[in-house]
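Scroll down for the structure; my scribbles are underneath it.
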Amino acid sequence: MTPAELSHAVQVAVRAAVEAGELSVDVPETVTVERPKNRDHGDYATNVALQLAKPAGKPPRAVAELVAARLRELPGVAKVDIAGPGFLNITLDAATQGELARSIVETGQAYGRNEALKGLKINLEFVSANPTGPIHIGGVRWAAVGDSLARILKATGADVTTEYYLNDAGVQISKFAASLQAAANGRPVPADGYVGEYIVDIAKAITDGVPGILELPEDEQLQAFRVHGLQLMVAEIKRSMDEFGTHFDTWFSEKSLHDSGAVEKAIERLREQGHVFDQDGAIWLRTTDFGDDKDRVLIKADGETTYFAADAAYYLSKRDRGSEVSVYMLGADHHGYVNRLKAIAACAGDDMNRNIEVKIGQFVKMLRDGEEVRMSKRAGNIITIDDVVDWIGVDAARYTLSRSSTDSTITLDINVLTSQTNENPVYYVQYAHTRMCGVARKAVQLGVDKGTAAEFKPELLATEWENDMLGALGEFPRVVAKAGQHREPHHVARYLEDLAGRYHRLYENCQFLPKGDEELTDTHRARLWLVEATKTVLANGLALLGVSAPERM
RNA sequence: GCGCUCAUAGCUCAACGGAUAGAGCACUUGACUACGGAUCAAGAGGUUGCAGGUUCGAAUCCUGCUGAGCGCACCA
């Protein structure tokens, strides 16, 4: 019996009590059934009686008794206790619980998928770092979290489009081009220009690849560096993302918004909604109508459109392309943008509490020899995505960056991650998977297998370790759904760590295969089903994080 | 000055408003004639920054305070 089925059963029990006239309350739409931390509290616990006590006008324990009496009648339910202030602690038959192992094995890669966000069209934009330099550590966090989130949202039934917004227009690109030109000509980098080895490398790649570029007139030469530099930098970013296992469905060009007239059209649309006004020779969007600190300029007095105008056009583009929920993942230094971005949606007539979500991710701090390594694209002393991958590898990088809530700043100690990689929990999780593969290999060696589904005897999975494991496996779809709904992939990572720990304990306490001269028993077979189910969940979970599930390490 | 985010074990971090706040690492003590010891068992480690409030119940929600990071452009 899955948690979802049990939740439904509890709800039915409440309804029966109401229909029998024993309870006078509205039947709740959903009933929370959770895995108690303390196993003395049964396989599952529900607080439904506590929540219904007040509206029913009865003591919680009295309500609990009414529900418990009905649950006890259900097949598969072994015991129902009332504990504490009125919790219902439910214990299932071993066979009912054990059935889950077969069900998971048969569901395979699809186990964990759910429909919590069924059909919801989500546009997920992340990284979107300026193409004026390599992706730095902050962007790496978003690459890991954003890509994992996309996988999780898909597993939760959403229709997801991932997107990288390329700021390929504007002043920063001009500075980038000027920096390349200066480097190529052996001139000092202009003020506010970009420095760093990558500038020299790209400049060299351009002069090598475009013969005669240094003989062009100054302005033509600058334009050539702009075009080729942008091209090379974007290619470099795409390569890094690809190697990091991060996929974007769309690479969206800011320049295309300007070139196509989308920016002007967006302003017109916002004007029709009545939120655009003229003042001091500039054209403004009245974002203060929707919680922003101040109104924002769309077109400056000199006639130039602002970056904010492109943002507005970009939001409308996402909307026009079918997005119901546009999720922006921004760094903590951009938190001031939250209100103005949401105001764009509101000014366009959308629901700013539903159609747009802006997630703020806290910084990643890196330590080396106990000192913080500052990251600055302009200083040239930067930690790039390639550095991180070289140091700790894709799996460890993705896992480490995905296992914490984006709300918290995280500190990565380079010395620890480079010298003692086994301190990273990803190895703990991956090792559990390799051990399960080892069991499978050993079984083949012994010439035994778990038998057919019809031969599987779920009631033999009765020890506390097996029960713990089954309970944890049953949680997986709910964990994925929660991670998707909260847009927080770290729930999946933490769950996998817990699962790996349970597996290691199970391994210590339950023999899966016959030793020496022993015969293969039904208990062995049942446990092999459980091991395979566990392996399935671990592999599915790691896949959601974009981390490999190795067969050997 | 205004605003956003954060504050949990020595460290890095968890905890749909639920029961005794948990993992990993580090530390102490044990377990390898094994299905991979990259493991397990046990121990120690906490007034969840401080003070109030809300309720059956608060690390979680509300208010104030303290501390930290960040942001407050007709820049991009």
Side-chain angles (χ1 to χ4, degrees), chain A residues 30 32 34 36-38 40-41 45 47 50-51 53-54 59-60 83-87 89 130 132 167 169-175 254 279-284 293-294 296-304 306-308 310-311 331-339 360-363 365 367 400 403-405 407-413 416 420-425 427-432 434-443 445-446 478 481-482 485-486 490-491 493-495 497-498 500-501 503-516 524 527-528 531 552-553:
Chain A
T30 57
T32 303
E34 62 181 9
K37 289 172 198 159
N38 185 337
D40 293 339
H41 295 152
N47 61 355
L50 288 162
Q51 293 185 329
K54 184 171 278 185
F87 288 104
N89 293 337
N130 279 352
T132 52
N167 300 123
V171 178
Q172 295 306 320
I173 296 295
S174 299
K175 288 178 181 169
E254 180 197 351
Q279 186 179 300
D280 302 331
I283 296 175
W284 302 67
D293 301 347
K294 55 189 71 171
R296 305 291 168 180
V297 171
L298 292 164
I299 299 180
K300 297 188 277 181
D302 65 7
E304 292 286 315
T306 60
Y307 188 85
F308 178 70
D311 278 341
D333 53 340
H334 284 69
H335 67 255
Y337 291 48
V338 176
N339 287 340
I360 296 300
Q362 298 301 315
F363 290 127
K365 189 190 287 187
L367 289 182
T400 307
R403 71 188 288 271
S404 299
S405 162
D407 286 340
S408 62
T409 56
I410 50 180
T411 303
L412 305 183
D413 189 322
V416 169
Q420 301 174 36
T421 49
N422 60 336
E423 287 184 16
N424 191 313
Y427 293 98
Y428 183 82
V429 175
Q430 288 182 319
Y431 180 57
T434 65
R435 271 184 145 184
M436 294 176 215
C437 294
V439 171
R441 282 193 293 270
K442 184 72 175 183
Q445 212 177 80
L446 295 175
R478 299 206 296 186
K482 185 165 99 174
Q485 287 168 319
H486 290 23
H490 78 276
H491 291 303
R494 297 292 170 162
Y495 167 80
E497 287 169 34
D498 177 74
Y503 179 74
H504 289 311
R505 288 189 280 281
L506 179 73
Y507 181 96
E508 295 292 325
N509 292 289
C510 296
Q511 188 70 23
F512 306 144
L513 291 167
K515 279 199 275 194
H524 288 131
R527 286 173 175 171
L528 287 173
V531 171
R552 299 170 194 273
M553 290 172 70

Which whole number of Å gives the distance between the [atom1] atom of [N] and that of [M]?
| N | M | atom1 | value |
| --- | --- | --- | --- |
| B:A44 | B:G37 | P | 28 Å |
| B:G52 | B:A58 | C1' | 13 Å |
| B:C65 | B:C4 | P | 13 Å |
| B:A9 | B:A21 | C1' | 11 Å |
| B:A68 | B:C25 | P | 33 Å |
| B:G64 | B:G1 | P | 15 Å |
| B:C11 | B:C50 | P | 16 Å |
| B:U5 | B:G24 | P | 32 Å |

Exercise for the section: Tell whether A:Tyr337 reaches the base of B:C75 with its side chain through a donor-acceptor pair below 3.5 angstrom. Expected result: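 Answer yes: a donor N or O sits under 3.5 Å from an acceptor.
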If you check every side-chain atom of [X], which of [options] has the closest atom?
| X | options | value |
| --- | --- | --- |
| A:Asn47 | B:A15, B:C35, B:C16 | B:C16 |
| A:Asn89 | B:A38, B:C74, B:A19 | B:A19 |
| A:Arg435 | B:A19, B:G37, B:C70 | B:G37 |
| A:Asp333 | B:C70, B:A76, B:G24 | B:C70 |
| A:His490 | B:U39, B:A15, B:G18 | B:A15 |
| A:Lys300 | B:C40, B:A76, B:C16 | B:A76 |
| A:Arg403 | B:A14, B:A41, B:U12 | B:U12 |
| A:His486 | B:A76, B:C16, B:U39 | B:C16 |

Would you classify [X] as touching base, sugar-phosphate or nothing, given that sugar-phosphate means primed atoms plus P, OP1 and OP2, and contacts are heavy atoms under 4.0 Å?
| X | value |
| --- | --- |
| A:Ile410 | sugar-phosphate |
| A:His334 | nothing |
| A:Ala432 | nothing |
| A:Gly170 | sugar-phosphate |
| A:Glu254 | nothing |
| A:Cys510 | base |
| A:Glu34 | base |
| A:Ala301 | base |
| A:Arg296 | nothing |
| A:Asp280 | base |
| A:Arg478 | nothing |
| A:Val171 | sugar-phosphate |

Problem - Under the salt bridge (charged side-chain N to carboxylate O under 4.0 Å, His left out) test, residues paired with A:Asp311 that sit two or more places apart - result: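 Partners of A:Asp311 by the salt bridge (charged side-chain N to carboxylate O under 4.0 Å, His left out) criterion come out as none, since no residue qualifies.
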Problem - A:His491 side-chain N/O to B:A15 phosphate OP1/OP2 under 4.0 Å - result: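 Answer is yes, contact under 4.0 Å.
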Practice task
Of all the heavy-atom pairs spanning A:Thr132 and A:Gln172, show the shortest one and how long it is.
Solution key: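 A:Thr132 and A:Gln172 have their closest heavy atoms at CG2-O, 3.8 Å.
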Distances under 3.5 Å between nitrogen or oxygen atoms of protein and nucleotides 3-10 of chain B:
from, atom 1, to, atom 2, distance (Å)
B:G3, N2, A:His335, NE2, 2.5
B:C4, O2, A:His335, NE2, 3.4
B:U5, O2', A:Gln362, NE2, 2.8

Polar atoms only, N or O, under 3.5 Å: list the protein pairs with nucleotides 30-33 of chain B and their distances.
none

Problem - Pairing pattern in dot-bracket form [Watson-Crick, G-U; both distances under 3.5 Å; | = partner strand] for RNA chain B - result: (((((((..((((....[...)))).(((((.......))))).....(((((..]....))))))))))))....
What protein N or O atoms touch nucleotides 55-57 of chain B N or O atoms at under 3.5 angstrom, if any, and at what distances?
from, atom 1, to, atom 2, distance (Å)
B:C56, OP1, A:Lys54, NZ, 2.9

Please report, rounded to the nearest Å, how far the [atom2] atom of [N] is from the [atom1] atom of [X].
| X | N | atom1 | atom2 | value |
| --- | --- | --- | --- | --- |
| A:Ile299 | B:C75 | CD1 | P | 14 Å |
| A:Tyr428 | B:A23 | OH | C1' | 8 Å |
| A:Met436 | B:C35 | CE | P | 17 Å |

Exercise for the section: Measure from the side-chain N and O atoms of A:Asp302 to the backbone N and O of A:Glu304, and report whether any donor-acceptor pair falls under 3.5 Å. Expected result: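 At least one qualifying donor-acceptor pair exists.
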Handout entry: Charged tip of A:Arg435 within 45° of A:Tyr507 ring normal and under 6.0 Å
Key =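 Cation-pi check for A:Arg435 and A:Tyr507: passes.
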Practice task
Could you say whether the aromatic ring of A:Phe363 and the base of B:G69 stack, counting only centre distances under 5.5 Å and plane angles under 30°?
Solution key: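 It does not: the ring fails the test against the base of B:G69.
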Problem - B:C35 pyrimidine/purine six-ring stacking with A:Tyr507, under 5.5 Å and 30° - result: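 According to the criterion (under 5.5 Å, under 30°), yes, A:Tyr507 stacks.
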Polar atom pairs (N or O), protein with nucleotides 20-22 of chain B, under 3.5 Å:
from, atom 1, to, atom 2, distance (Å)
B:U20, O4, A:Asn38, ND2, 3.2

